[in-house]
Amino acid sequence: MKLFPREEILEQALAVISEEHRVRLGLVAMDVPLISNLDILGNLALIKQFRENLPKREAESLALSYLQRFDMERIAYRRNPNLSAEERFCVMLIRAVLVPEAFVVIDRPLKIVPDLQDNRFFHDMMTRVADSWSSCVIFDYPWNRERYEDVPVDIDEL
Amino acid sequence: MYTAIERIGEKSIRTAKSFYETLAFSSLVFFKMFDRTSYNSAMRMVLVNQIYFTSVQVLPLFIAVSILFGSPMVGITLQVLQHFGLADRMGSVLMGFVVTELSPFMTVLLIALRSSSAINAEIAVMKVNQELKTLDVFGIDVLDYLFLPRIINGILSIVCLSSLFSILALASGALFSRYLFNMSINDYTTLLFLSADFSDLFILLVKCILLGFFITLIPIRFGLRATTHELTSIPISVLNGMVKVFIAIVVIEVLSLLLRFI
């Protein structure tokens with residue numbers, strides 16, 4: 001986890017890291033939304049279909065298995081506007097780990113889940129897919145540090 | 001005076017630039033069509049969906065329009081031919097007017113009104129919502145995934161639906177010819193085959209391909225001109241795109257007419 005004192009420093013660092021790891025970047029960010037004319041399963045399967053030319057059925061079954069890890073099979077056929085903030089974060093996280101050898105970057109997760117009550121939410125979500133990424137980094141500000149209780153990544157305050 | 005000339009100059013430069021950009025984009029898409037790597041699983045899925053939405057879903061309406069509009073047109077044409085004693089020219093008039101001119105024109109009007117506007121709005125909404133950025137971040141080529149299936153579908157739809165319109169109109173022609181000229185179905189079909197000119201049919205095919213290509217490519221180009229986070233840019237992009245689609249249809253129609261008379 002990288003904690004930045006100011007927005008412009010954070011965005012600069014994010015741009016650099018995104019460019020460095022462009023091929024295997026799995027970005028979870030508010031300004032990288034889900035595709036609105038695809039359902040959740042379609043959004044997730046698309047990564048495998050396009051990046052690895054996996055047949056639709058296989059890609060969807062893989063996507064469904066990830067949703068099952070979060071007990072969220074029920075949202076498979078919903079679309080982005082019908083998701084809660086927590087569900088949206090999970091789907092974005094799954095989409096990121098579906099990138100082959102994913103380098104997952106989570107950009108200010110509290111922008112996606114602004115009304116988060118439970119400080120262990122990110123820990124719970126990330127541990128369920130921690131086996132699927134090659135590395136993961138969270139970008140945020142120091143004053144949000146306590147919201148990331150026990151997250152499975154190192155903390156680096158800049 | 002200077003301001004007026006300046007304004008004309010600016011507008012000409014802008015138009016020329018836009019025309020050049022459209023041609024450059026067209027050539028990029030054209031070469032992508034022949035690249036096997038473009039046809040991955042996701043792209044094929046979008047292509048099938050697009051064909052369903054454009055060509056299959058519209059069938060009931062299209063068949064109704066073809067019969068309601070095509071039959072009276074053929075009937076009136078045959079009646080005029082009878083009135084002027086030109087019954088022997090029936091085959092060439094039906095092939096030259098109904099098949100090569102009326103069918104593609106009616107088809108392209110319907111598809112442009114229904115699908116081109118939808119494509120333009122869809123791409124503009126995706127641009128405004130930053131969904132195109134999402135595709136780019138995840139290494140999904142928008143040309144392969146979004147644009148190519150829509151353009152290929154445009155070409156296939158116009159070619160297939162034009163053929164369907166021709167078949168329905170010519171079938172109603174068979175009924176009118178029996179009623180007006182007491183002509184058997186066999187004589188009617190023989191007459192049509194004898195009147196079919198290969199060069200006209202070739203021009204028709206090329207015209208359908210060009211119409212299908214441009215009535216999908218232009219809305220995509222204008223959809224991309226929408227501004228991120230600005231919802232008001234969507235109607236502007238659709239308005240401009242649809243006007244250009246109309247201009248493209250007129251230009252292609254005029255060029256095909258000129259080609260036929262050269």
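Quick note on labels: first sequence line is chain A, next is B, and so on, each numbered from 1. All heavy atoms count here, side chains included; hydrogens, waters and symmetry mates do not.
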Residues A/N37 and B/E122: side-chain donor-acceptor under 3.5 angstrom: yes

Checking B/E131 side chain against A/S36 main chain: does a donor-acceptor pair fall under 3.5 Å? yes

Region of A/P33 that comes under 4.5 Å of a non-hydrogen atom in chain B: both

Could you tell me the separation between the CZ atom of A/F50 and the CD1 atom of B/I140, rounded to the nearest 0.5 Å? 6.5 Å

To the nearest 0.5 Å, what is the distance between CZ (A/R95) and OG1 (B/T134)? 5.5 Å

Is the number of heavy atoms from other residues, nucleotides or ligands within 6.0 Å of CZ (A/R57) greater than 12? no

Are there over 12 heavy-atom neighbours, none belonging to A/E146, within less than 6.0 Å of that residue's CD? no

If you count every heavy atom of other residues, nucleotides or ligands that lies below 6.0 Å from A/E101 atom CD, does the total exceed 12? no

Identify which part of A/L54 has an atom lying under 4.5 Å from any heavy atom of chain B, answering side chain, backbone, both or neither. backbone

Looking at B/Y39, I'd like to know if its OH atom is crowded, meaning that more than 12 non-hydrogen atoms belonging to other residues, nucleotides or ligands lie closer than 6.0 Å. yes

CD (A/E73) with more than 12 external heavy atoms under 6.0 Å: yes

Among A/V23, A/L34, A/I35, the residue with the most heavy-atom pairs under 4.5 Å to chain B is A/I35

So for atom NZ, which belongs to B/K32, do other residues, nucleotides or ligands contribute more than 12 heavy atoms lying within a distance under 6.0 Å? yes

When rounded to the nearest 0.5 Å, the distance separating CD of A/E60 from CE of B/M45 is 7.0 Å

B/L135 and A/L46, any side-chain heavy atoms less than 4.5 Å apart: yes

If you measure from CG on A/N80 to CG on B/N129, what distance do you get to the nearest 0.5 Å? 9.0 Å

OH of A/Y141: more than 12 outside heavy atoms within 6.0 angstrom? yes

Of the backbone (N, CA, C, O) and the side chain (C-beta and beyond), which part of B/M126 lies under 4.5 Å from a heavy atom of chain A, both, or neither? side chain

Does the side chain of B/K133 come within less than 4.5 Å of A/D31's, by heavy atoms? yes

For B/F138 and A/L27 the tightest heavy-atom approach is CZ-O, 3.4 Å

Backbone N or O of B/S41 within a donor-acceptor pair of the A/N53 side chain at under 3.5 Å? yes

